[in-house]
Amino acid sequence: MIIGYARVSTNDQNLDLQRDALRKAGCEKIIEDKASGSVAERPGLERLKDMLREGDTLVVWRLDRLARSLRHLIDWMNYCDSEKIAFQSIEENIATNTATGKLIFHIFGAMAEFERNLIRERTHAGLAAARARGRMGGRPKALNRDKRQVVVDLYNAKKLSVQKICDMMGISKPTLYKYVRETQQTKDTDSKKG
């Protein structure tokens, strides 16, 4: 089955241009969304994913109608590839059931991987530069020193459940256990010095 997907960003925009192009491309069904491309959850996309089967073809008028970013587009391409669903974009003249279409798909994949590697390299370089200036990375502690000590004292008193302590202090169980470990490590270090 050839299934089309059409999307406009606002209720003021019209889907007629996309509908006409998708029908001309042979779409037997057209799923529509009226939502911004930046919105991850779109009801039409969920319906589309449920409807697509092996051997089907997904057709869009333009790539930006389907995906909000290159990464999102690659995710869709990978999904279609793994489910043996062909993909076609009318305006960009891409069809993954042709050799050229598959090449373009792989170029997109390589570009996405390159982008991820650049981001990773910049992140590592930024962290190294911050460490060289004496700044440590990571998220700031959820609680100040006094409140962390209260958490540890409540835990050691064993009068409240771990979940109750976490709920009262607004922290997760792993955070509680981390505070307990840090306190114990500090005590161990202090006892070795003394």
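We number each residue from 1, following the sequence as shown.
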Check for a donor-acceptor pair, side chain of [X] on one end and backbone N or O of [Y] on the other, with a separation under 3.5 Å.
X: Q18; Y: R7; result: yes
X: N97; Y: F87; result: no
X: D50; Y: R47; result: no
X: Q88; Y: T96; result: no
X: E54; Y: E83; result: no

Please test W76 against L48 for side chain to side chain contact (heavy atoms under 4.5 Å, CB included), starting from the C-alpha separation and ending with a verdict.
CA-CA 11 Å; W76 263 99; L48 179 66; 3.9 Å; yes
Measuring from atom [atom1] of [X] to atom [atom2] of [Y], what distance do you get when rounded to the nearest 0.5 angstrom?
X: I165; Y: L160; atom1: CD1; atom2: CG; answer: 5.5 Å
X: L17; Y: R62; atom1: CG; atom2: CZ; answer: 9.5 Å
X: R148; Y: L143; atom1: CZ; atom2: CG; answer: 7.5 Å
X: R65; Y: L15; atom1: CZ; atom2: CG; answer: 9.0 Å
X: R23; Y: K29; atom1: CZ; atom2: NZ; answer: 14.0 Å
X: T57; Y: I85; atom1: OG1; atom2: CD1; answer: 9.0 Å

Transitively linked via ILVMFWY side-chain contacts under 4.5 Å: [X] with [Y]?
X: V150; Y: V162; answer: yes
X: V60; Y: M77; answer: yes
X: L127; Y: I119; answer: no
X: Y79; Y: I94; answer: yes
X: L22; Y: M1; answer: no

Pair K159-L154, side chain to side chain contact (heavy atoms under 4.5 Å, CB included): steps then yes or no:
CA-CA 7 Å; K159 292 186 179 184; L154 288 170; over 6 Å; no
Would you say that N144 contacts K147 through its side chain, given a criterion of any heavy-atom pair below 4.5 Å between the two side chains?
yes
For I3 and I31, run side chain to side chain contact (heavy atoms under 4.5 Å, CB included): C-alpha distance rounded to whole Å, both residues' side-chain angles, the deciding distance at 0.1 Å, then the answer.
CA-CA 8 Å; I3 302 173; I31 306 299; 4.2 Å; yes
Between A6 and I30, which heavy-atom pair has the shortest distance, and what is it?
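Smallest heavy-atom distance, with atoms named: CB-CG2, 4.4 Å.
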Shortest non-hydrogen separation from A25 to I90 and the atoms involved
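For A25 and I90, the tightest heavy-atom pair comes out as CB-CD1, 3.8 Å.
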Can you tell me if E121 and N117 form a side-chain donor-acceptor pair at under 3.5 Å?
no
Pair up each side-chain donor or acceptor in residues 166-173 with any protein partner under 3.5 Å, not counting sequence neighbours, and list the distances.
from: D167; atom 1: OD1; to: Q163; atom 2: NE2; distance (Å): 2.9
from: S172; atom 1: OG; to: T175; atom 2: N; distance (Å): 3.3
from: S172; atom 1: OG; to: T175; atom 2: OG1; distance (Å): 3.0

Does D16 have any salt bridge (Lys or Arg N to Asp or Glu O under 4.0 Å) partners at least two apart in sequence or in another chain, and if so, which?
R19
Let me see the working for Y5 and L45 under side chain to side chain contact (heavy atoms under 4.5 Å, CB included), right down to the final yes or no.
CA-CA 8 Å; Y5 176 73; L45 274 183; 3.7 Å; yes
Tell me whether R145 at atom CZ has more than 12 heavy atoms from other residues, nucleotides or ligands lying less than 6.0 Å away.
no
I'd like to check the side chain to side chain contact (heavy atoms under 4.5 Å, CB included) partners of V180; sequence neighbours left out, ordered by chain and number.
V152, Y155, L176
